[in-house]
Enquirer: 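Provided herewith is a single structure, encoded as C-alpha cells, for subsequent inquiry.
First the proteins, then the strands, lettered A, B, ... as listed; each starts at 1.
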Amino acid sequence: MDIMIKILYAVISVIVATVYGLTLGGVVQKIYARVHGRFGPPVWQPFIDIIKTHGKRVSISHGIMFYLGPVFRFAGGLGTYLFIPVIYGSVVFANFSMAGDLLLVMYFIFFGQLGMALGAGEGGHPYSPLGIARGLSQMSTFELPFSLAVIAVAIQYDSLNITTIVAAQQGSILNWTLFTNPFAVIAAMISLLGMNMHSPFSLVLAPQEIPIGPPVEMNSSFLAILQTNRGLFTAAKLVLFMNLFFGGATNLLIMIVKTFFIYLVSVIVGAAFPRFRPEQSFRFFLKWPTIIGIISIIFIVYF
Amino acid sequence: MDKKNIKKIEKEMKLANEGLPEKERSLFSDVRPTSVTPLNKYLEKFLNWARAESLWFLGFGTGCGAIELRPLMTSRYDVFRYGIAPRPTPRQSSVFIIGGYASMKTVKRIVRSYEQMQGPKFVIALGSCTINGGMYYDSYNTINRIDHYIPVDVYIAGCMPRPESLIAGFNKLKEKIKAGECDGMNKYAENFDWYKKNQKRVIKDWNMPDFNW
C-alpha cells in the first residue's frame with residue numbers, strides 16, 4: 001500500500017514537472033522573441049504543438065530501434081527526475097530519492113542521449129548521425145567539468161545522497177554551495193550551458209546547418225514524446241542544479257523562482273552569443289571549465 | 001468474392017515502382033496511400049483547433065516566392081505569434097508553401113517532399129504562377145497549375161504577394177482547418193491514380209518509388 005501511494009505521488013510530481021518545464025520553454029521563447037524585437041509565440045504554444053503532433057493521422061517508422069529511441073529518451077528524462085528530491089521535506093515531491101544517489105542521476109542524464117542516438121541512427125537520414133556525433137562528443141566534454149563539480153560537492157558534504165546535500169545547505173543563504181564552494185558552482189554552471197543546448201552550444205539541434213539533427217526523421221507521436229521529454233528533462237536538470245548548488249527548495253514557489261533564474265543564465269548567454277563550431281565548443285569545455293573544476297576539488301580538499 | 005479474385009485485385013492495387021531498377025524495387029514500399037476517416041466529431045474538432053494553432057511550414061524555397069518567407073520569420077512580420085513556425089524537415093511539418101513557379105525538376109522534389117509529410121497536411125500555393133502559370137504560362141519547362149499535381153488548400157494571388165498577404169493566407173487556412181474543410185491528404189489518396197498520371201506526364205526522368213514515404 002505504501003508503494004502505491006508513493007507511485008501516486010510520483011505521478012503527480014512528474015505531471016507538475018512536465019507542465020512546469022513546458023511552460024518554462026514557452027516563457028523562454030517569449031524572452032528570446034523580445035530580445036529579437038518580436039512578440040513571439042504565446043506561452044502555451046509548446047502544449048498546442050504537442051497536442052498537434054500527437055494528433056497526426058499517420059506516422060512512419062523505420063524499425064524497432066526507431067520506436068525505442070524516443071522511449072529511451074523519455075525514460076532518461078523520467079529516470080533523472082524520479083531520483084531527485086524536488087522539494088526538501090515534502091512527501092509528495094520527494095519522488096524515489098531514497099532509492100538512488102547522485103551517480104544514478106548522472107547516469108540517467110547520459111542514458112537518454114545514448115538511446116536517442118541508437119533510435120535516430122536507424123532513421124537512415126544522413127543528418128541524424130551528424131547530429132548524434134556532435135551531441136555525444138559535446139556531452140562527453142561537458143560531462144567532465146560537471147563530474148568534477150559533483151566530485152567536489154561529494155567530498156565537501158561527504159555524501160552522494162542528494163537529500164543529505166540539500167539538508168546540509170539549509171539554515172542560511174551562506175550555507176549554499178554557491179558560497180561554500182564557488183569554483184564547483186562556476187564549473188557546473190558552465191557545463192549547464194552545454195546541457196541546455198542554447199547558443200553558443202546549440203550544435204545538436206541546429207536547424208540552419210544540419211536540419212534539426214538527430215530527430216530529423218522523427219514524426220508524429222515519436223516527436224511528441226521527444227517534445228514532452230524536453231519539458232520534463234529541463235525541469236529535472238534545473239531541479240538537480242538547484243539541489244546541489246543553490247540550497248534546494250522548501251516549497252513549490254521557491255523551486256519555481258530558483259530554477260527560473262538558473263535557467264535564465266543559459267538564456268542570457270544564448271541570446272547574446274552566436275553558435276560555436278563543434279571543435280570550438282569541445283575545446284572550450286575541455287579548457288576553462290575543466291581547470292575550474294580541478295581547482296574546486298583542490299579548494300575543497302586543502303582549504 | 002473468392003480468394004483468387006481478392007489476391008488478383010491486391011496484386012493490381014500494388015504500386016509497380018517501374019521507375020526503379022529491378023533489384024531496388026524490393027527496398028521500397030509498394031503500398032498506396034489510404035484515406036483516413038476522421039475521429040469522432042468533438043475530438044476531431046479539438047484536434048483541428050490544435051492543428052490550426054500550430055502550423056509548421058516546410059522551410060523549402062521552391063521558387064522565387066520563397067523570398068517572402070524570410071521576412072515572415074524576422075521581427076517585422078513575426079509570424080511566430082500566430083503559432084506558425086518553420087521546420088527544416090518534411091517529416092515534422094504540416095504546411096507546404098509552393099513558392100511561385102514550379103519547374104519540371106522542382107515538381108519532382110515537391111511531390112517527393114509532399115508525400116513524405118505526415119498527414120493531415122496542407123498546401124498553400126503562393127503567387128500567380130501556381131494558379132495559371134503567371135508570366136511563365138507558355139514556358140517549356142514550368143507547369144501551369146500546381147493543383148494538377150498535389151491538392152492545394154489556399155491560393156494567394158499576386159506577383160509577388162507581400163508577406164501581409166501570406167499572413168492573410170495563413171489565417172484563411174486556419175479558418176478552413178477549424179471548419180474541417182482541409183482534407184487534402186484524403187483527396188490525394190482517393191485520386192491517387194489521377195495525380196500520378198499527371199505527375200508522370202511532366203516528370204520524364206521518374207527514378208523514384210511511385211509513393212515516397
Enquirer: Of Phe96(B), Tyr155(B), Phe57(B), Phe170(B), which meets side chain to side chain contact (heavy atoms under 4.5 Å, CB included) against Ile124(B)?
Expert: Phe170(B)

Enquirer: Could you look at Ser93(B) and say if it's the side chain, the backbone, both or neither that has a heavy atom under 4.5 Å from chain A?
Expert: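 The answer is the backbone of Ser93(B).
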
Enquirer: Given heavy-atom pairs under 4.5 angstrom as the criterion, report whether the side chain, backbone, both or neither of Ser54(B) touches chain A.
Expert: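 For Ser54(B), backbone and side chain are both near chain A.
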
Enquirer: What I want to find out is whether Lys178(B) reaches Glu53(B) closely enough, with some N-O distance under 4.0 Å, to be called a salt bridge.
Expert: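 Looking at Lys178(B) and Glu53(B), the cut-off is met.
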
Enquirer: For Met185(B), which atoms come within 4.5 Å of any heavy atom of chain A: side chain, backbone, both, or neither?
Expert: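 Side chain of Met185(B) only, per the 4.5 Å heavy-atom cut-off to chain A.
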
Enquirer: Say whether, by atom type as modelled, one donor and one acceptor occur between the side chain of Tyr81(A) and the main chain of Ser13(A) under 3.5 angstrom.
Expert: yes

Enquirer: Chain B heavy atoms under 4.5 Å from Leu223(A): which part of the residue, side chain, backbone, both or neither?
Expert: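 Just the side chain, heavy atoms under 4.5 Å.
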
Enquirer: Starting from the C-alpha separation in whole Å, work towards a yes-or-no answer on ring-ring contact (aromatic ring centres under 6.0 Å, His included) for Phe284(A) and Phe201(A).
Expert: CA-CA 10 Å; Phe284(A) 172 82; Phe201(A) 306 107; 5.6 Å; yes

Enquirer: Just checking His36(A) against Phe80(B), ring centres under 6.0 Å apart?
Expert: no

Enquirer: Of the backbone (N, CA, C, O) and the side chain (C-beta and beyond), which part of Trp49(B) lies under 4.5 Å from a heavy atom of chain A, both, or neither?
Expert: side chain

Enquirer: Tell me whether Arg91(B) is salt-bridged to Glu217(A), with the criterion being a basic N under 4.0 Å from an acidic carboxylate O.
Expert: yes

Enquirer: Check whether Glu44(B) gets within reach of chain A through its side chain, its backbone, both or neither, counting any heavy atom under 4.5 Å.
Expert: side chain

Enquirer: Does any backbone or side-chain atom of Arg87(B) lie under 4.5 Å from a heavy atom of chain A? Answer side chain, backbone, both or neither.
Expert: side chain

Enquirer: If I measure from the heavy atoms of chain B, does Gln45(A) come under 4.5 Å with its side chain, its backbone, both, or neither?
Expert: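 Contact with chain B involves the side chain of Gln45(A) alone.
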
Enquirer: For the rings on Tyr67(A) and Phe222(A), is their centre-to-centre separation under 6.0 Å?
Expert: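 Yes, close enough.
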
Enquirer: Heavy-atom cut-off 4.5 Å, strictly under: side chain, backbone, both or neither for Phe46(B) against chain A?
Expert: side chain

Enquirer: With a 4.5 Å cut-off on heavy-atom pairs, point out which of Asn48(B), Asp78(B), Ile84(B) contacts chain A the most.
Expert: Asp78(B)

